[in-house]
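Comments concern the structure below.
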Number of protein chains: 2
Amino acid sequence: MTGRRNPGERRRRMVEAACELIPEVGVNGLTHRLVAARAGVPLGATTYYFASLDDLVAAALTRAAEVTEEGLRLWSEELERCADVPATLAALTADYLRERDRMVTWNELYAAAAHRPELRPLARLWLDGLTRSLSRYAGARAARAAAVFVDGALLYSLINDEPLDAESLERSLAALLAMDAG
Amino acid sequence: MTGRRNPGERRRRMVEAACELIPEVGVNGLTHRLVAARAGVPLGATTYYFASLDDLVAAALTRAAEVTEEGLRLWSEELERCADVPATLAALTADYLRERDRMVTWNELYAAAAHRPELRPLARLWLDGLTRSLSRYAGARAARAAAVFVDGALLYSLINDEPLDAESLERSLAALLAMDAG
DNA sequence: CTCGTACATGTACGAATGTACTACTTCTGG
DNA sequence: CCAGAAGTAGTACATTCGTACATGTACGAG
């Protein structure tokens, strides 16, 4: 009953527990004990599988980045098959802005990356990936501007009860994507 | 020599010390001892002047918000007297994006506000204030969109070595401010 | 089988933290 | 002038933390 032998699964559960905890307590609120309790493993397991707490945090943020990249592929496909890129992008963004936990997690990654440069490549995945996707429908400058706006909308939704309305999103993104190509 | 009697000044120095420390260690890295050491006061002074560490943090973030509001007034005046609003706004933003400490502090406030709702009004000051300023030159929707973009540019600069270039800023802001009024 | 290695688990420990507390000094109102 | 309030300063204490470690258990190679 106690601990069935299963290294991969145990590690995975700890990473998942850490991902669950980040929106609740923040990256800096993570502790070995909190993760162990949430994952249902003894305290010692956290130090056995991760060289340090920083490693555990990095593993959790890396996992969060993987999830984000997966979401990015979905966005890419959706944009590919749609007729109206700005409208579709606005709709996808509006959906994103309703998933508070994902937004908080991503902002935690930004904040952590601001203090720890080694995390910056991870933090760039979303913005760079989205920019690359949008480059198929607009100039490089316009694509990046639209991606920057989406991140601004994320920040806005973090501190306002009501996220940006769908029409504002669509008009703004349309305006940016229609910018002269650089 | 030790501590001349001067309550107001002491409190002010501790708040200032906390503001200095936030970009270095983050909001969650603040401790009584760190603030006391930086301010040059004994440990006891921090608990005498602030009911709890949260109070100290709140005081520091409030002070940071005051500085931001002051900066906002400068932006307002600059925009008032200029000929080309998007170009001036882009230049002001470009200057802002070079002050890394201010950006990090502001992002720390966002992250803290995401977890502590009582800080949200403070976090909204910048975005709401900028939106209000811009409302004199564009519709409500366009003004807000431009402010959201500026915050997105802040996030972008936090995790990239090179901030957004001036031309991208100007074109993007021009496109947003020219949006149909809502 | 058996033995070494990888995994599991509970406990221990030094360091750091928030906060309370005691003693001391300076100021102020009567 | 002189209490008592307000400010200053050093220290103490319970708690929590990251991490190390000792012991126990399963499992695959020979």
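No experiment lies behind these values; they were computed from the predicted model shown. Proteins come first, then strands; the chains are lettered A, B, ... in the order of their sequence lines, and each starts at number 1.
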* Does a salt bridge link Arg73(A) with Glu77(A), judged by any charged N lying under 4.0 Å from a carboxylate O? -> no

* **Sequence neighbours excluded, every pair satisfying ring pair (Phe, Tyr, Trp, His ring centres under 6.0 Å) that has a member inside residues 71-100 of chain B** => Trp75(B)-Trp126(B), Tyr96(B)-Trp126(B)

* Between Arg144(A) and Asp165(B), does a salt bridge (charged side-chain N to carboxylate O under 4.0 Å, His left out) hold up when you go through it step by step? -> CA-CA 11 Å; Arg144(A) 194 170 51 172; Asp165(B) 59 290; 2.9 Å; yes

* Structure fact -> Atom CG of Leu21(A) and atom P of dC17(D) are separated, to the nearest Å, by 12 Å

* Under a 4.5 Å cut-off applied to non-hydrogen side-chain atoms, are Leu89(A) and Leu177(A) in contact? -> yes

* Within one Ile-Leu-Val-Met-Phe-Trp-Tyr cluster: Leu43(B) and Leu34(B), side-chain cutoff 4.5 Å -> no

* Asked: Where along residues 23-45 of chain A does a heavy atom come under 4.0 Å from DNA chain D, residue by residue in number order?
  -> Leu30(A), Thr31(A), His32(A), Arg33(A), Leu43(A)

* To do: Would you check if there is a donor-acceptor pair between the side chains of Tyr49(A) and Asp55(A) at a distance under 3.5 Å?
  => no

* Asked: Has Arg10(B) got a side-chain N or O lying under 4.0 Å from the OP1 or OP2 atom of dT8(D)?
  -> yes

* To do: Measure from CE on Met14(A) to P on dT9(C) and round the result to the nearest Å.
  => 10 Å

* To do: With a 4.0 Å heavy-atom cut-off, tell me which residues in residues 48-62 of chain B come close to DNA chain C, sorted by residue number.
  => Ser52(B), Leu53(B)

* Rounded distance [0.5 Å steps], CD in Glu24(A) versus CG in Asp101(A) -> 7.5 Å

* **Rounded interatomic separation in angstrom, taking CG from Asn6(B) and P from dA9(D)** => 12 Å

* Would you call Arg63(A) and Glu16(A) a salt bridge, taking side-chain N to carboxylate O under 4.0 Å as the test? -> no

